[in-house]
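Here is the naming used below: chain letters follow the sequence lines, and residue numbers restart at 1 for every chain.
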2 protein chains.
Amino acid sequence: MRRMTARPANAHQARLLRLLRDGGPNSRAQLGDQVDLSRSKLAVEVDRLLETGLVVADGLAASRGGRRSHNIRLAPALRFLGVDIGATSVDVAVTNAELEVLGHINQPMDVREGPVAVFEQVLAMAAKLRASGLAEGFDGAGIGVPGPVRFPEGVPVAPPIMPGWDGFPVREALSQELGCPVMVDNDVNLMAMGEQHAGVARSVGDFLCVKIGTGIGCGIVVGGEVYRGTTGSAGDIGHIQAEPDGRPCACGNRGCLEAYFSGAALARDATEAATQGRSAELAARLDEAGRLSAVDVAAAAAAGDATALDLIREGGNRTGQVIAALVSFFNPGLVVIGGGVTGLGHTLLAAIRTQVYRQSLPLATGNLPIVLGELGPTAGVIGGARLISDHLFSPA
Amino acid sequence: MRRMTARPANAHQARLLRLLRDGGPNSRAQLGDQVDLSRSKLAVEVDRLLETGLVVADGLAASRGGRRSHNIRLAPALRFLGVDIGATSVDVAVTNAELEVLGHINQPMDVREGPVAVFEQVLAMAAKLRASGLAEGFDGAGIGVPGPVRFPEGVPVAPPIMPGWDGFPVREALSQELGCPVMVDNDVNLMAMGEQHAGVARSVGDFLCVKIGTGIGCGIVVGGEVYRGTTGSAGDIGHIQAEPDGRPCACGNRGCLEAYFSGAALARDATEAATQGRSAELAARLDEAGRLSAVDVAAAAAAGDATALDLIREGGNRTGQVIAALVSFFNPGLVVIGGGVTGLGHTLLAAIRTQVYRQSLPLATGNLPIVLGELGPTAGVIGGARLISDHLFSPA
DNA sequence: GTTGCTTTGTCCTGTGACTGGAGAAAGCCA
DNA sequence: TGGCTTTCTCCAGTCACAGGACAAAGCAAC
């Protein structure tokens, strides 16, 4: 079945589609208030959109003291796929055209198995969502991968934690398999777009979105647009030096932030503490292989374990020092903290805040909120849907 | 005498004015090639510009095998003023509409004397340039000040090194005195715009411009536009922590980059080395008050003094470490090093390069040139002219 | 029910922006 | 002098758009 064959024919139509996406159903009059076009011109464009089937008019709204208005809304059958590929798990979700999540699956997975195996799994998950009746097909898909991406082509470049992916034509391959347009981006950028669309970053033009998962990355939004850098590696803050001649890092350098704090580093440090008998609480959570995960540390911290709390605080301090530097440099209007280690929540946040507020200049921190992401694991998939809808809702 | 009363009436005219500014005189046909308008429409807009007097047609170009074309150029009487206020000196220059420097004066000065005294001096310098016959008046002025600026209003905010300036309405006051439109920005942003217009950063979309003068700052250009941050303090990297619990800094914190390397820090360290007898070369340059300046260090280094070279190298290393972090974060296409301490040149550059190439990821540094600014002290004033011309050459 | 008022949506015409072609002007070359 | 090229101008036709007139549809007061 072919879907969404039409695209907006001009900037007006694209604008209208985005308004309907972000603001939900609207009357012609309400649209006119937001769009600075005469009612006649607006009517023409809306009619054309109705003809293409991209939007539909269904039912009448309640009267506001005069003639009742028609509800104009995006085609209710439109479906976007959001895919967030992490280091150790995948999230796949379907949304409608308003980017509301209709169904969401999370499964463990290992990126290092390579793109072929991973996409087999992703396609199976997508098929499952479709089979459950949530979608008859997909009109577009936005994919996030945990590494730098050459954005225009949708190809990962030199990704440190997923070596088999270098140069794999993700966009092209998935577009073929799914039979719909596909856009690919860094997972951190997707999270930023998610929080921008439906989370804490609504209405903020310039902000940073720090994602602490298996690694650490940072989404950069400038004037409402994701900034990707010259080679697509902007925001790659995991390998900023946090300690001169410090711990060795997987990247070959020493003292990288990621070597001190990230899901992986936290798990390793906690395991060490547990096996050295520094924390009974942590030791009790060791698995058969004698290992701990970041989730265990979060649980131990929630139970009040001092060692776990110390690990989190120390990591938060390191991260906070780096963020403080970025805040001085970038002067954002908001800093969002998110990612897999959400359980660490407020202990982590407090440590980061302390460092930033202490080290950055008052002018940069004066009105700077530093908050946790609001969407959790759905930020990435919503960001994916947002990414592809931005693409499709732009002039052909 | 009233000047440049007209402004471009629409985006087409603005575009044409900028093309003429950046590309020099052009025929209608050449303009048409760059502007994607029909020849008829183009002719209409050019005619309107000719009517307003913003552009003039003077003479015929050589034939290229057919009818000779008219030379269309910006009005030759247009004059912009570029003012670059540093911590210890001012640069004032006049340019024509193509932003070519026609005259340039530099004078020592102390910002701490406050805006009134400083502007008295600036106005005198501008009058001198005018008196020398280079300009009959000014059509606009771009001013750079060494501190953060609330850009839309042109007002310095909480500038650390120039306390008397906080909230002083620079734009309004100067506009009144000069009788022409004025725009105000951070001096570092001006330098970035200068190098972008006429220096090493031509044709680079995303780059960083690190200015090492009395302090250290960084101009950020994203997609060809200067990025100023939420409160106008973006690029304020002098107070990024370079050393935990390090040297006390004038800002009240400890370990700031500026406490280790900047014109002021370098002078202080060199003076110390000289008085402690660690360098005869430096000691020979002490002034009557027993002090050295950054220029003395540069001279000593040029003479091969090991202590001076060490100081520069050490400072370069610190600066390079911070820049490495910023490169990882921002992934620029170019890094420009400039500012008062140009004499330190290649020793400094080598130290910075070493750190950046060693600490940043290959993807970010692979094609990353790190170069000295090309314009020296004229970068700022050209940037000022560029700033105001961008403003004036935009639709009214 | 009727009347007046409000809101929503449609229709129509006039205006200005813009394109593309025809051709004039001006130059080169043989 | 006649072809060929480039540059520039003029003109008519097309399209985008605004804004007013008007129709449709609803509410409320009488």
inquiry  = Whole angstroms only, please: what is the CG-C1' distance between A:Asp36 and D:dA16?
reply    = 14 Å
Whole-Å gap separating P (C:dT7) and CG (A:Leu31) = 18 Å
remark   = A:Arg68 CZ to D:dA23 P, in whole Å, measures 23 Å
inquiry  = If you assign each of B:Arg39 and B:Glu45 to its closest nucleotide in DNA chain C, which residue comes earlier from the 5' end?
reply    = B:Glu45
message = What's the closest nucleotide to the side chain of B:Leu37 if the choices are D:dA18, C:dT19, D:dC8?
response = C:dT19
request  = For A:Lys41, report the nucleic acid contact type (base, sugar-phosphate, nothing); a contact means any heavy atom under 4.0 Å.
outcome  = sugar-phosphate
B:His12 vs C:dA17: side-chain N/O to OP1/OP2 distance below 4.0 Å = no
query = Under 3.5 Å, is there an N or O donor on one side and an acceptor on the other linking the side chain of A:Arg67 and the base of C:dT7?
reply = no
message = Can you work out whether A:Leu60 or A:Arg48 has the more 5'-proximal nearest nucleotide on DNA chain D?
response = A:Arg48
request  = Could you check how far CG of A:Leu42 sits from P of C:dT10, rounded to whole Å?
outcome  = 10 Å
ask   = Less than 4.0 Å between a side-chain N and a carboxylate O, is that true for B:Asp47 and B:Arg28?
value = yes
query = Can a side chain N or O of B:Ser38 be found less than 4.0 Å away from OP1 or OP2 on C:dT19?
reply = yes
ask   = Separation of B:Asp47 atom CG from D:dC10 atom C1', in whole Å?
value = 12 Å
key: Matching residue for A:Arg15 among A:Leu31, A:Leu20, A:Val35, A:Asn10 - test: side-chain contact (heavy atoms from CB on, under 4.5 Å)   = A:Val35
query = Applying side-chain hydrogen bond (donor to acceptor under 3.5 Å, both in side chains), which residue pairs with at least one partner in residues 190-201 of chain B are found, sequence neighbours left out?
reply = B:His197-B:Arg386
ask   = Out of D:dT7, D:dC17, D:dA23, which has the shortest distance to the side chain of B:Ala29?
value = D:dT7
ask   = Among A:Asp185, A:Asn186, A:Ile220, which one satisfies side-chain contact (heavy atoms from CB on, under 4.5 Å) with A:Arg228?
value = A:Asp185
note = In whole angstroms, the gap separating P of C:dT8 from CZ of A:Arg28 amounts to 12 Å
request  = Anything under 30° is parallel, anything over 60° is perpendicular, the rest tilted; go ahead and classify B:Phe393 against B:Phe80.
outcome  = perpendicular
request  = Using a heavy-atom cut-off of under 4.0 Å over every strand shown, decide if B:Ser40 touches base, sugar-phosphate, or nothing.
outcome  = base
